[in-house]
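Residue numbers run from 1 in the order of the sequence given. Just follow the structure's listing: the first ligand is 1, and inside any ligand the first atom is 1.
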Amino acid sequence: MEKELLVYIDGNYYPKSQAKISVYDHGLLYGDGVFEGIRAYNGIVFKLKEHIDRLYRSAHTIMLQIPVQKEEMINIVLETLRRNSLKDSYIRLVITRGVGDLGLNPKKCLKPTVIVITDTIALHKSETKEKGATAMLSWVKRDPVDATTHEIKSLNYLNSILAKIEANINDVDEAICLDKNGCVCEGVAENIFIVTDGSIFTPPSYAGALPGITAEVVIKLARKLGYEVAEKNITPYELFNADEVFFTGTAAEIVPVREINKRQIGKGKPGPVTKKLMEEFSKLVQSPSEGIPIYK
Ligand code: PMP
């Protein structure tokens with residue numbers, strides 16, 4: 001029998017099938033918690049420090065005191081990977097408000113639950129990445145910045161899930177959420193970029209998207225390659241008429257989009273800017289200077 005992956009929960013490691021938390025945990029009852037999705041490539045945890053920093057910013061915003069310091073959290077992630085002998089992995093870090101009673105008051109939750117899962121993920125098939133994905137604008141808008149904003153990477157993903165359901169029932173690969181003003185915001189678990197006349201644009205932070213770590217990496221990479229990159233409001237009209245559209249995300253990496261709401265994007269296949277960025281990004285993620293090694 002194949003050895004089961006070990007999952008870290010509050011200081012202990014459990015085989016995947018026995019890694020369980022209480023039904024009274026407010027992460028389950030109310031989606032009260034925060035999380036991160038991180039990737040390790042060839043023994044290097046890509047941008048681990050940046051993900052840990054974002055995790056603590058999310059937690060700070062919802063006044064959730066993570067019971068371990070950042071340095072220790074990094075070690076827990078690395079140790080979990082080592083115990084599972086992993087070099088390439090998708091890591092899910094989850095901090096919930098912890099066990100409380102059936103009321104929603106977080107005051108009743110005495111200790112946050114810390115979970116580290118190291119496994120794999122496949123969001124989009126390699127064929128989709130080669131040909132380009134199909135997408136649609138969803139009827140569900142992104143929560144605004146003065147509500148349950150997606151700037152917080154919280155356990156409340158129903159907003160994205162509703163959009164994904166629309167994509168599923170319409171048989172397209174991905175959904176795109178608009179912001180409350182009707183401008184383009186982001187994918188369900190990806191940031192979004194358009195390329196118009198050789199320049200790259202992405203929605204501004206007040207649109208309410210998650211400040212993506214992949215997006216930040218891609219912006220830096222694009223500028224280094226000589227492209228102009230700017231934040232700007234993007235209307236559906238501009239999206240439909242862009243030369244290229246692509247998503248970025250830790251799990252998704254870079255995904256070209258070839259069609260949105262049945263309108264062909266550009267030439268209906270991955271464009272030259274997106275292809276160049278995909279090529280350079282796949283080299284960058286292997287670079288030891290871009291992350292923290294699992295095995296010293
Ligand atoms: N937006 C949302 C809503 C997400 O869940 C994700 C995935 N973490 C992203 C964007 C992309 O962010 P990152 O590149 O940091 O993974």
### Message
Taking 4.0 angstrom as the limit and counting only heavy atoms of Gly249, give me the atoms of ligand 1 inside it, by number and element.
### Response
11 (C), 14 (O), 16 (O)
### Query
Between Arg54 and ligand 1, is there a nitrogen or oxygen pair with a distance under 3.5 Å?
yes
### Message
Assess whether a salt bridge exists between Glu50 and Arg54, defined as any Lys/Arg side-chain N lying under 4.0 Å from an Asp/Glu carboxylate O.
### Response
no
### Polar atom proximity, His150 to ligand 1 (N or O, under 3.5 Å)
no
### Task
Identify whether the distance between the nearest side-chain nitrogen and carboxylate oxygen of Arg92 and Glu36 falls below 4.0 Å.
no
### Task
Would you mind checking which non-hydrogen protein atom is closest to atom 2 (C) of ligand 1, with the distance to 0.1 Å?
Glu186 OE1, 3.4 Å
### Message
Taking the basic N atoms (NZ, or NE/NH1/NH2) and the acidic carboxylate oxygens, is any pair closer than 4.0 Å for Glu280 and Lys224?
### Response
no
### Query
Looking at atom 14 (O) of ligand 1, what's its closest protein heavy atom, distance included?
Thr214 OG1, 2.6 Å
### Task
Using distance alone, with no hydrogens and no angle criterion, decide if Thr113 and Thr96 have a side-chain donor and acceptor under 3.5 Å apart.
yes
### Task
Mark up the atoms of ligand 1 that fall under 4.0 Å of a heavy atom belonging to Tyr157, in ascending order.
2 (C), 3 (C), 4 (C), 5 (O)
### Taking atom 16 (O) of ligand 1 as the reference point, the nearest protein heavy atom with its distance
Thr250 OG1, 2.6 Å
### Query
Which protein heavy atom lies closest to atom 8 (N) of ligand 1, and at what distance to 0.1 Å?
Lys153 NZ, 2.9 Å
### Task
State whether Lys164 and Glu174 are salt-bridged, where the test is any N-O pair (Lys NZ or Arg NE/NH1/NH2 against Asp/Glu carboxylate O) under 4.0 Å.
yes
### Message
Heavy-atom distances under 4.0 Å decide this one: backbone, side chain, both or neither, for Glu36 against ligand 1?
### Response
neither
### Query
Should the pair Asp179-Lys141 be classified as a salt bridge under the 4.0 Å nitrogen-to-oxygen rule?
no
### Polar side chain donor-acceptor pair, Thr274 to Glu244, under 3.5 angstrom
yes
### Charged tip of Arg39 within 45° of Phe46 ring normal and under 6.0 Å
no
### Query
At a 4.0 Å threshold, what atoms of ligand 1 neighbour a non-hydrogen atom of Arg142?
3 (C)
### Query
Below 4.5 Å, heavy atoms only, C-beta onward: do Pro67 and Pro112 meet side chain to side chain?
yes
### Query
Would you say the side-chain atoms of Asp88 pair up with the backbone N or O of Asn42, donor to acceptor, closer than 3.5 Å?
yes
### Message
Check this for me - ligand 1, Ile213, N or O atoms closer than 3.5 angstrom, yes or no?
### Response
yes
### Query
Where is the nearest protein heavy atom to atom 11 (C) of ligand 1: which residue, which atom, and how far?
Asn191 OD1, 3.5 Å
### Task
Please identify which atoms of ligand 1 are closer than 4.0 Å to at least one heavy atom of Gly212.
12 (O), 13 (P), 14 (O), 15 (O)
### Query
At a 4.0 Å threshold, what atoms of ligand 1 neighbour a non-hydrogen atom of Val188?
3 (C)
### Query
When you look for heavy atoms under 4.0 Å from ligand 1, do you find them on the side chain of Glu50, its backbone, both, or neither?
neither
### Query
Is any N or O atom of Ser160, backbone or side chain, closer than 3.5 Å to an N or O atom of ligand 1?
no
### Message
For atom 6 (C) of ligand 1, what's the nearest protein heavy-atom neighbour? Residue, atom name and distance, please.
### Response
Ala189 O, 3.2 Å
### Query
Does the side chain of Ser205 come under 3.5 Å of the side chain of Glu151 through a donor N or O and an acceptor N or O?
no
